[in-house]
There are 2 protein chains.
Amino acid sequence: MSDRTDEARESGGESPPADSEQLLRLERQLCFVLHATSRAFDTLYRPVLAELGLTYPQYLVMLAVWEHGERSVKELGQSLRLDSGTLSPLLKRLEKAGFVRRERSPDDERSVVVHPTEEGIALRERAGDIPRRILSATGLDEQQLGELHSALNSVTSALDRAAEEIDRQD
Amino acid sequence: MSDRTDEARESGGESPPADSEQLLRLERQLCFVLHATSRAFDTLYRPVLAELGLTYPQYLVMLAVWEHGERSVKELGQSLRLDSGTLSPLLKRLEKAGFVRRERSPDDERSVVVHPTEEGIALRERAGDIPRRILSATGLDEQQLGELHSALNSVTSALDRAAEEIDRQD
DNA sequence: CACGATTTGGTTGTGCACAACCGACTGTTA
DNA sequence: TAACAGTCGGTTGTGCACAACCAAATCGTG
């Protein structure tokens, strides 16, 4: 296996070098499978959550709200990695469905606090068996689950660092 | 950003018996991190692909078209797990951008075949270094990459089987 | 041939996601 | 006090994703 770095091979180069082909294939497969996994999760959750009247991102928001009692839009955005352009209409739909209420904080009128309604709290009970159903669908035991979780976590933080690096260059 | 507040708060060394709370936490974290990883990939690709005038799903389509020379809409939908409601407008945008052409197959007038234009083929050269840039950003070596790939793959097929099972019950 | 079922892609409607921009509020400084 | 920069949500525009529905082409059987 030659390990030479291929640069300065540009205009007129008809076929890319072989290891570049290999890298392209690897990257392609990782993209594909990550997208596919994300879509598969969504497909599995969709009918289950439809019984509760929630979409998958709405479910993620409810999980955060259930756990913390109340959350500002800013906090939700940070932990779920969503910006206000996504959260604002989503929260309005959740409010319209009767699961949460949104109120300006008295302390800081810029901030909007989201907390569950009675109905939203009651929903938690009905959602109680979802984790078990989903986890059993993955076919993973607790250890494999943990490994996948930490693998994805480390990839994510690596990607975050890389994105910040690119950001810094501008 | 990159606050990582409530993640990894309680991933201590011990593993207590997996009660319902524990399961909920695991499920929550797996959902979150998968979504987060998907989003992080998207964020990293976005500026890189913007130089080429592509979005991430458009890039996936171009990868498939580059590899096979030409693909029907049906084939694209199968390999990328997208339906026509997503692909049709996406392919129109790619055609408008001048990267592909769409033509009814002479053999079967129902089928639409997508193939790259000259400009689309030329784009492949300009996209040549993307895999290396992305892969180095992940901070994974070839073996870790393969492990993650196969882990995601097995999860995806387990989820597919589970979804089919649910489907069959209706 | 005619009839009906299937395949294939397209359209419409709803919702998620981000970038770019805006307006209101807050804390600091002059 | 007035001016200012920074924070926080919201709005608009573009694109992805799916469900539900539709039209044309094809295939199968009588």
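Side chains are part of it too, since the values below use all heavy atoms of this structure and drop only hydrogens, waters and symmetry mates. All figures in this text were calculated on a predicted structure; none of them were measured in a lab. Letters A, B, ... are given to chains in the order of the sequence lines, protein chains preceding strands, and every chain is numbered from 1.
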Given atom [atom1] of [X] and atom [atom2] of [N], what is their separation to the nearest angstrom?
| X | N | atom1 | atom2 | answer |
| --- | --- | --- | --- | --- |
| A/Leu80 | C/dC18 | CG | P | 11 Å |
| B/His35 | D/dA17 | NE2 | P | 12 Å |
| B/Gln78 | C/dT7 | CD | P | 12 Å |
| B/Leu82 | D/dA17 | CG | P | 5 Å |
| B/Tyr45 | C/dA19 | OH | P | 17 Å |
| B/Glu109 | D/dC27 | CD | P | 12 Å |

Q. So, do B/Val155 and B/Leu34 sit near enough that their side-chain heavy atoms are less than 4.5 Å apart?
A. no
**Q.** Side-chain heavy atoms of B/Arg39 within contact of A/Thr156, under 4.5 Å
**A.** no
Q) Do the side-chain N and O atoms of A/Ser150 and A/Asn153 include a donor-acceptor pair separated by under 3.5 angstrom? A) no
**Q.** Separation between CG of B/Asp160 and OG1 of A/Thr37, rounded to the nearest 0.5 Å
**A.** 9.0 Å
(Q) Show me the pairs that pass ring-ring contact (aromatic ring centres under 6.0 Å, His included) and involve residues 47-78 of chain B, at least two apart or across chains. (A)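 Sorted pair list: A/His35-B/Tyr56, B/Tyr45-B/Tyr56, B/Tyr45-B/Tyr59.
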Q.
Please encode protein proximity along nucleotides 6-15 of chain D as a string of B, S and -, counting only heavy-atom distances under 4.0 Å.
A. BBSSBB---S
Q | Pairing residues for B/Glu118 by the side chain to side chain donor-acceptor pair (under 3.5 Å) criterion, not counting sequence neighbours | A |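 By the side chain to side chain donor-acceptor pair (under 3.5 Å) rule, B/Glu118 matches no residue at all.
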